Structures are given as structure tokens and as C-alpha cells.
Number of protein chains: 2
Amino acid sequence: MSRREYNQYCAAARALDVLGERWTLLLIRELLIGPRRYTDLLKALPGIGTNLLANRLKGLEAAGVVQRSELPPPAASSVYELTERGSELEESIVALARWGLPLLEERRPNDAWEPEWSILAMRATFRPEAAKGVHEEYEFEVGGKVFFAAVNDGDVSTGPGAAKSPAVTLRADIETFLAVANGSMPMQAAIESGRYVVDGDEAAFERCLRIFSLPERIRPKLYSKSCPT
Amino acid sequence: MSRREYNQYCAAARALDVLGERWTLLLIRELLIGPRRYTDLLKALPGIGTNLLANRLKGLEAAGVVQRSELPPPAASSVYELTERGSELEESIVALARWGLPLLEERRPNDAWEPEWSILAMRATFRPEAAKGVHEEYEFEVGGKVFFAAVNDGDVSTGPGAAKSPAVTLRADIETFLAVANGSMPMQAAIESGRYVVDGDEAAFERCLRIFSLPERIRPKLYSKSCPT
DNA sequence: CGGAATCCTCTTCGATACTG
DNA sequence: CAGTATCGAAGAGGATTCCG
């Protein structure tokens, strides 16, 4: 019952033997954000089908990429999480995401979106050259979910939860957050409409925007769609 | 007739909508080495099946990742090559390959291997910290195929063909080259057996080995297999 | 011979239903 | 909540044929 393999003595092919099936890399993306229960994963991956999820988890567990762990008694439930080896996939997934950014354009009617996905997206849009000498944290609250980005010179770490001491806090509803993020709504307009709220140091806010801006080449596409003149 | 898509407003998911099908990333790996004719691709991807290859190429062409171009009259034939956008996948594929290196272990009986694959493999095993201050080229000839690596401080470029002015030239048959590369045969033994020939500056040779060595953590696995004592 | 289109079988996917 | 069982639909893989 061996999984289909490529039979090539090539590191990329061997990686794809483990990761190349449908859903697998998205499942790992989900676990990169943090440990998740089975049903959380089902919800975060609409369309996966419960048998496939179970198969993938089993395969990844056998491959040493994922492990189960039991939560302590009060919350008697088990979660899936990445092993250390699994966490090393972050680099690959962020690289893929970076390549995929120009494909994002506007959100389509059936597109799912979870605020947590920003946590990885920000690592993909992070521009080290704009972050030289910057040491500060930003906090976000989108659709009720809180996450942070901690910039440290040319480096960034992001995650769920609050920042320790944010220089700025940004709050928005999902639609407004996405419209600003993908460039189809100017930040200025969003703030004036009251649907985007910024608290904290103004200069830090400007830095935050520069550090996590989308690559320039995809902005024109977006603007030309939403502002056809 | 729409391809299966994930319907997630997420850069990684969008990238996988284009790249996630079976064979696609390996096909791109092949084109990263250089332009290829249809039949070259069939040979380099054993098992793909001609209809799948045609489908994948069509899909990637539609996605702007691959383009066809006609060679000038003498060699009246057409080749497939990556567009600029397609070439930007190098980072993602090298990241995947780097993650897959520990899975390589020994070559299995049915594993295909092409000398050209070293061209990408060397970008995956390249260790920038070992290449600080180094500016020189290495040339390789394996199974009759020639390729080079040009190290430039913390940077490397690799490709098919001869180096301009190699500091060292390494020559070996396929089996010996692989055995040394994956650590199951000591370089010393290979040279002494006469199946591995090194020409040029001795110090440069040592640097070359350090710069492109496999990560330490996978070496013990290999040695314990081949030297069970 | 290079570059596919067609046909046929087998596997995998995806959705729903069902179970501890 | 966390999966297993089932089954039609889509995709993969191999062989063969077709066209220039």
C-alpha cells in the first residue's frame, strides 16, 4: 500500500514524496500557526473531507513531520502539532507563499479566509531592507482575532496572541483589513471611514506599513481593477 | 474543466493551485536547469506519461510560468523554458530540496539520477558561512556531463557547462560521485581507488568540500548504515 | 523522430453517512 | 469530538496511435 513515489534520487523529489499530495502543504501551513485539533483542521481546510485529513495526518506522523499530543486533563483533548523536523518546513512554505502573492489579487466570492493566515502572510511580505534598525512590535486585531509581529532589525517573528509592548495596534473588520492589505482600498480612506483603527505611535505605524507592504508589481494590477479610470 | 482549486484567499494556497499537482514542481525543477525539449522532459521524468506532461505544460504556459520557443533553423525544434516569473520559483524549489536532503540517504535500486540534478542540489547544500571571502569556481564532470559552481563570497551560482577558470576540477563516474556526495564513501578512498580524479589547487579543493557538504545531521545516519560497526 | 491526442485501467479524491 | 466506511467522480499512468 505504498504511497505513490517519484523514484528519483533527488532531494526535491524525496521532499515531494512526503509533501506533494493534495492538501498536505496546506495542512502544514495550518500547523505552522500552532497546534490544532482534528476538527479545527477540518474547519480551516474546507473541502478536505474527513478521510483525507485522517490519512494525511497518519502519513505525516509516520514521516516524523507531525505528532499528536494530549492536552492536560482539564481540556481532555488531543492536538496535532509539528515536530521539530516539521517546523523546518516554514522556510519552504513561506517561499511558496511569497511566490504566490501576485496571484492573490482580490478575494473571490468562495474564498475562505482566516485571520490567522496573516501570521504566515506577514512573513512572506516582510521586507528586511525596510526593517533595518527597527526594533518594535505591532499588534493586530482582525475579526476579533489578535496576532502580532515583532521586528528585530532584518528579522521578524510573528504569531497568534498579543504583543508584549506594541508600538502600534491596528484593528479592523475582515473586509476592511483585506481591502487595505491587498491595496484595493487606501489606508487613509479606511481610517477616515472609522472601520480601521490605529492606536499608538504614528511614525511606527508608517514603518509598519512599509515593512509589510506587498511587492510593488502587484499593486498596479489591483488598482487598475478597482479604479478602472 | 476547471482544475481543482483550494478556494482560499491565501498566497500559499494560490501558489499550490498552480503548482500543486503531481509532477508540476519536478517539471519546473527540470526547467530550472535550462530549456528542454518535450522528449528530454519525458526522459528526465520517468513515469510521467506523455498526456500528463502535455497537460502540465499547457497549464503552466497558461499560468505564465512556462513558454515555448523555437530554436533557429539548423536545429529546427522547439523547447520549453521558464518565463521570468517561472524562474522566481528557484527559491521555493531549493528550499524544498534543502528540507528533503536528510531523506536522501542512499540511492535505491529504482531511483533515477541525472548528473544535471547536482546543479540544483549544490544550491541546496551550499553553506554561505563556509564561503565567506571565497571567490573561485569549481568544475565537475560526472558521467560525462560537465557543470560548474561559481562561489562569490556568501553567494553561489551553478549551471551546466564548463567553468571559466576553475580553481579545481573534479571528475568521477556516477556511482563514485554519489557515494562520496552522500557520505557513504570517504573522499580519500575514492581518490585512492582512482575513480575520483581531482585536478587543481589542493586548498581550493578542501574549500569546495566544506562549502557544499551535506548538513552534519544526516551524515551519521549514512555512516551507521554503511559502517554498521 | 519530436510532439502530442486517445483509450483504457487503476488509484486517489471528495462528499456523505455512520460509529466509538 | 474524532475519526472509519462507502461510493461516484476526477485524476494518474501506461500503451497505442496519429500527425508533420
Side-chain angles (χ1 to χ4, degrees), chain A residues 1-8 13 16-27 30-31 35-63 66-81 110 112, chain B residues 1-8 13 16-27 30-31 34-62 66-81 110 112:
Chain A
M1 254 319 173
S2 67
R3 193 196 357 249
R4 229 176 330 220
E5 301 189 334
Y6 287 113
N7 294 313
Q8 297 191 354
L16 289 169
D17 283 342
V18 174
L19 308 170
E21 288 171 306
R22 194 162 159 76
W23 293 108
T24 301
L25 281 170
L26 288 188
L27 170 52
E30 211 51 36
L31 293 176
R36 288 276 187 285
R37 288 175 307 175
Y38 188 86
T39 24
D40 298 333
L41 293 170
L42 271 183
K43 267 178 290 188
L45 302 171
I48 192 180
T50 168
N51 56 341
L52 265 203
L53 177 56
N55 280 349
R56 295 292 180 268
L57 285 170
K58 232 173 289 178
L60 289 174
E61 207 176 341
V66 160
Q67 64 194 10
R68 317 178 45 149
S69 74
E70 307 292 325
L71 291 181
S77 122
S78 70
V79 293
Y80 292 89
E81 60 190 1
N110 290 328
Chain B
M1 252 319 207
S2 67
R3 194 197 354 251
R4 242 192 304 232
E5 300 188 337
Y6 287 113
N7 294 312
Q8 297 190 354
L16 289 169
D17 283 342
V18 174
L19 308 169
E21 288 171 306
R22 194 162 158 74
W23 294 108
T24 301
L25 281 170
L26 287 188
L27 171 52
E30 212 50 36
L31 293 176
R36 287 278 186 285
R37 289 174 307 176
Y38 187 85
T39 24
D40 298 333
L41 292 170
L42 271 183
K43 268 178 290 190
L45 302 171
I48 192 180
T50 167
N51 55 343
L52 264 202
L53 177 56
N55 281 351
R56 294 293 180 268
L57 285 170
K58 230 173 290 177
L60 290 174
E61 207 176 340
V66 161
Q67 64 194 9
R68 317 178 46 149
S69 75
E70 308 290 327
L71 291 181
S77 122
S78 67
V79 293
Y80 292 89
E81 59 190 2
N110 290 328

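This structure is a prediction, so every number in the text was calculated from the model and none was measured. Below, read A as the first sequence line, B as the second, and so on, with proteins coming before strands; counting in each chain starts at 1.
A:Pro35 and A:Val79 get closest at one heavy-atom pair: CB-CG2, 4.0 Å. Closest approach of A:Leu31 to A:Tyr80, counting heavy atoms only: CD2-O, 3.5 Å.
Between B:Arg4 and C:dT12 there is no side-chain N or O to OP1 or OP2 distance below 4.0 Å. The phosphate of C:dG14 (OP1 or OP2) has a side-chain N or O of A:Trp23 nearer than 4.0 angstrom. Under 4.0 angstrom from either OP1 or OP2 of D:dA10 there lies no side-chain N or O belonging to A:Arg22.
With sequence neighbours excluded, the residues that form a salt bridge (charged side-chain N to carboxylate O under 4.0 Å, His left out) with B:Glu5 are A:Arg108. Scored by the side chain to side chain donor-acceptor pair (under 3.5 Å) test, B:Asn55 finds no partners at all (sequence neighbours excluded). With sequence neighbours left out, A:Glu30 forms a side-chain contact (heavy atoms from CB on, under 4.5 Å) with A:Ile33, A:Arg36, A:Leu41, A:Ala44, A:Trp117. In this view, B:Gln67 and B:Glu81 satisfy the side chain to side chain donor-acceptor pair (under 3.5 Å) rule, not counting sequence neighbours.
Residue B:Leu52 contributes atom CG, which lies 15 Å from atom P of C:dT6 at whole-angstrom precision. Taking atom CG of A:Leu45 as the reference point, atom C1' of D:dA2 lies 16 Å away to the nearest angstrom. Between A:Leu41 atom CG and D:dA2 atom P the separation is 9 Å, expressed in whole Å. Regarding B:Ile48, its CD1 atom lies at a distance of 15 Å from the P atom of D:dA15, rounded to whole Å. The CG-P distance, from B:Leu27 to D:dG13, rounds to 13 Å in whole Å. For A:Leu53 and C:dT16, the CG to C1' distance is 16 Å, given to the nearest whole Å. Atom CD of A:Glu5 and atom C1' of C:dT11 are 15 Å apart (whole Å).
Stem analysis of DNA chain C (at least three stacked-register Watson-Crick or G-U pairs, each with both distances under 3.5 Å) gives C:1-19 with D:2-20.
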Could you run through nucleotides 3-8 of chain D and give me one letter per nucleotide, 5' to 3': B if any protein heavy atom sits under 4.0 Å from the base, S if only the sugar-phosphate is that close, - if neither? BBBB--
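Checking C:dT12, C:dC13, D:dA2 against every side-chain atom of A:Thr39, the shortest atom distance belongs to D:dA2.
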Side-chain polar contacts of residues 16-26 of chain A - donor-acceptor pairs under 3.5 angstrom, sequence neighbours left out - could you list them?
| from | atom 1 | to | atom 2 | distance (Å) |
| --- | --- | --- | --- | --- |
| A:Asp17 | OD1 | A:Tyr6 | N | 2.9 |
| A:Thr24 | OG1 | A:Glu21 | O | 3.3 |
| A:Thr24 | OG1 | A:Arg56 | NE | 3.4 |

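The structure places CG of B:Leu53 at 6.0 Å from CG of B:Leu27, a figure rounded to the nearest 0.5 Å.
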Review item, nucleotides 17-20 of chain D N/O atoms under 3.5 Å of protein N/O:
none

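The stretch residues 40-53 of chain A participates, sequence neighbours left out, in these side-chain hydrogen bond (donor to acceptor under 3.5 Å, both in side chains) pairs: A:Arg37-A:Asp40, A:Tyr38-A:Thr50.
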